[in-house]
There are 2 protein chains.
Amino acid sequence: MARPRTPLLSRERIVAVALRLIDDEGLDALSTRRLATELSVSGPSLYNHFATKDELLDAVVDSVIGEVDLSMFQPAGTGTAETPWPEALRDWARSYRSALAAHPNIVPVLAQGPGRRPNALRLADAVFGHLVESGWPRGQATRIGALMRYFVTGSALASFAAGFPSDAEVYDAADYPHLGEAHRLAGHRGTVDEGAFETGLEALLDGLALRYARLVERS
Amino acid sequence: MARPRTPLLSRERIVAVALRLIDDEGLDALSTRRLATELSVSGPSLYNHFATKDELLDAVVDSVIGEVDLSMFQPAGTGTAETPWPEALRDWARSYRSALAAHPNIVPVLAQGPGRRPNALRLADAVFGHLVESGWPRGQATRIGALMRYFVTGSALASFAAGFPSDAEVYDAADYPHLGEAHRLAGHRGTVDEGAFETGLEALLDGLALRYARLVERS
DNA sequence: ACCTGAACACCGTTCAAGT
DNA sequence: ACCTGAACACCGTTCAAGT
């Protein structure tokens with residue numbers, strides 16, 4: 001057929017199908033040939049739209065980051081008050097985690113940092129900017145951006161509960177005296193992981209609020 | 001040559017060389033053929049020692065987890081007092097992060113959970129057991145184990161600072177008004193990431209201590 | 001410009017053959 | 001039991017050829 005009158009592929013469609021493949025079958029299932037088959041084209045066709053597979057992956061990653069809500073960091077406009085930093089951070093962390101946890105198989109790629117991806121850079125800019133404008137010194141604001149990313153990516157990378165086999169025989173009482181109930185964890189993966197995330201998030205915010213209070217009283 | 005009088009390979013040596021390869025060149029560089037070459041044998045030889053590549057990876061992962069210090073969770077013996085939970089958790093988290101951050105390329109595999117790996121199960125058992133014996137309700141102890149793993153794996157998965165390109169031209173002031181200094185982050189990756197980890201760890205422990213205090217006063 | 005098939009140097013894994 | 005080479009069905013990517 002060679003070149004069709006109207007292109008068979010677009011970057012958007014390639015990215016969408018690649019993400020679906022990664023979600024459904026894991027990062028290893030994304031091969032250029034498999035993806036091409038899924039798109040009803042031959043393997044090399046993809047190279048008309050992305051220079052390498054890595055560039056394609058970058059686009060997939062940035063599309064996921066683009067789902068994170070950043071509206072809570074909007075600078076105070078005319079009449080609208082700026083959201084207090086603990087509340088903004090809490091709302092953002094929840095949205096960040098939701099976006100990532102919907103696509104856990106791609107989190108290892110995404111956790112490598114923003115690189116040159118526009119949505120990832122916008123996210124870093126918004127968080128850092130809001131913290132600095134809230135009175136955090138720049139060094140502290142950087143650390144908070146980092147530690148929040150540690151926590152959110154760690155929580156989205158894999159389910160804690162599902163990491164424990166459901167097979168009760170794994171947990172020999174002689175070897176692991178306290179894991180007698182661990183085989184039931186995976187069955188409650190939703191609530192366990194959600195509860196751990198919320199507990200950790202509130203603990204972090206409380207701990208940071210203590211530091212903020214010390215900062216304010218010293219000035 | 002066929003079967004040599006004394007075996008050319010052992011699981012230990014295979015695991016050690018595989019880990020070095022992953023550390024030096026990344027998870028993708030670990031192919032059975034490449035690893036075999038590094039060990040001066042042919043590719044299929046590895047299958048005399050591991051059933052699949054995944055089983056080999058499991059062994060590599062568990063060898064890393066085995067480096068984590070768990071001595072702070074030792075139950076109180078005759079004359080030795082049990083370490084208070086916040087102190088034990090702090091020491092453990094630092095050792096955990098050190099062990100993982102020494103091998104960041106394998107963290108995505110390891111973060112999938114303990115599975116059936118003995119060192120990973122021992123770790124989960126020690127943390128959970130110590131928290132329960134310190135008075136935390138079992139549900140809370142599970143959540144704390146989970147949220148600590150989120151934070152530690154997230155911090156070891158990738159450097160926050162190194163994720164920002166050193167090329168100043170990436171940070172166009174029109175697009176990212178607050179990232180004007182971000183190109184300098186990667187140059188300070190050690191101190192930035194270390195500072196973020198310590199700030200987050202102390203904030204988490206402070207937040208958890210608040211909850212523990214509420215727990216105690218209610219009983 | 002955008003698709004194709006053929007080709008290159010790779011993969012993980014199986015298996016029969018050797019000692 | 002533990003190694004080998006040959007083979008199978010895969011990879012990412014390049015390239016000349018087609019419209």
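Within every chain, numbering begins at 1; the chains are lettered A, B, ... in the order of the sequence lines, protein sequences first and strands thereafter.
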Original post:
Has A:T32 got a side-chain N or O lying under 4.0 Å from the OP1 or OP2 atom of D:dG12?
Top reply: yes

**OP:** Would you kindly give the OH-to-P distance between A:Y47 and C:dT4, to the nearest whole Å?
**Re:** 14 Å

Subject >> Centroid-centroid under 6.0 Å between B:Y150 and A:Y150 rings >> reply: no

Original post:
For C:dT14, which nucleotide is its Watson-Crick or G-U wobble mate, given both distances must be under 3.5 Å?
Top reply: D:dA6

**OP:** With the side chain of B:P44 defined as its heavy atoms from C-beta on, choose the nearest nucleotide among C:dT4, D:dG5, D:dC3.
**Re:** D:dG5

Original post:
What nucleotide among C:dT13, D:dC2, C:dC2 has an atom nearest to a side-chain atom of B:R3?
Top reply: D:dC2

Original post:
Taking only N and O in the side chain of A:H49, is any of them less than 4.0 Å away from OP1 or OP2 of C:dC3?
Top reply: yes

Subject >> DNA chain D: 5'-proximal contact among A:A29 and A:A51 (nearest heavy atom) >> reply: A:A29

Subject >> Candidate pair B:Q74 and B:H130, rule side-chain hydrogen bond (donor to acceptor under 3.5 Å, both in side chains), full reasoning >> reply: CA-CA 8 Å; B:Q74 233 74 70; B:H130 195 270; over 6 Å; no

Original post:
Can you name the one residue among B:K53, B:R117, B:R116 that meets salt bridge (Lys or Arg N to Asp or Glu O under 4.0 Å) with B:D58?
Top reply: B:R117

**OP:** Look at all strands and tell whether B:S31 reaches a base, only sugar-phosphate, or nothing, counting heavy atoms closer than 4.0 Å.
**Re:** sugar-phosphate

Subject >> Rounded distance in Å - CG (A:L9) to C1' (C:dC2) >> reply: 9 Å

**OP:** Map B:R33 and B:T6 onto DNA chain D by nearest heavy atom, then report which one ends up closer to the 5' terminus.
**Re:** B:T6

Subject >> A:T52 vs D:dG12: side-chain N/O to OP1/OP2 distance below 4.0 Å >> reply: no

Subject >> Distance test, side-chain N/O of A:S42 to OP1/OP2 of C:dC3, below 4.0 Å >> reply: no

Original post:
Heavy atoms under 4.0 Å, any strand shown: does A:L30 hit a base, just sugar-phosphate, or nothing?
Top reply: sugar-phosphate

Original post:
Distance-only, no hydrogens or angles: does the B:N119 side chain make a donor-acceptor pair with backbone N or O of B:I65 under 3.5 Å?
Top reply: no

**OP:** Using atom CG of B:D28 as one end and atom P of D:dG12 as the other, report the distance to the nearest whole Å.
**Re:** 11 Å

Subject >> side-chain hydrogen bond (donor to acceptor under 3.5 Å, both in side chains) assessment of B:H183 paired with B:E169 >> reply: CA-CA 9 Å; B:H183 66 281; B:E169 290 173 30; over 6 Å; no

Original post:
To the side chain of A:R34, which of C:dC2, D:dC3, D:dC11 is closest?
Top reply: D:dC11

Subject >> Between C1' of C:dT14 and CZ of B:F50, the distance in whole Å >> reply: 19 Å

Original post:
Going by atom types alone, do A:D69 and A:S71 pair a side-chain donor with an acceptor below 3.5 Å?
Top reply: yes

**OP:** Please report, rounded to the nearest Å, how far the C1' atom of D:dC15 is from the CG atom of A:N48.
**Re:** 12 Å

Original post:
Can you tell me how far P of C:dT13 sits from CG of B:L35, to the nearest Å?
Top reply: 12 Å

Original post:
In terms of side-chain heavy atoms of B:K53, which of D:dG12, C:dG12, D:dC3 is nearest?
Top reply: C:dG12

**OP:** Calculate the interatomic distance between A:L46 atom CG and C:dA1 atom P; express it in whole Å.
**Re:** 19 Å

Original post:
What is the distance from CG of A:L57 to C1' of D:dC11, rounded to the nearest Å?
Top reply: 15 Å

**OP:** Searching all strands shown, indicate the nucleotide that pairs with C:dA1 (Watson-Crick or G-U wobble; both distances under 3.5 Å).
**Re:** D:dT19

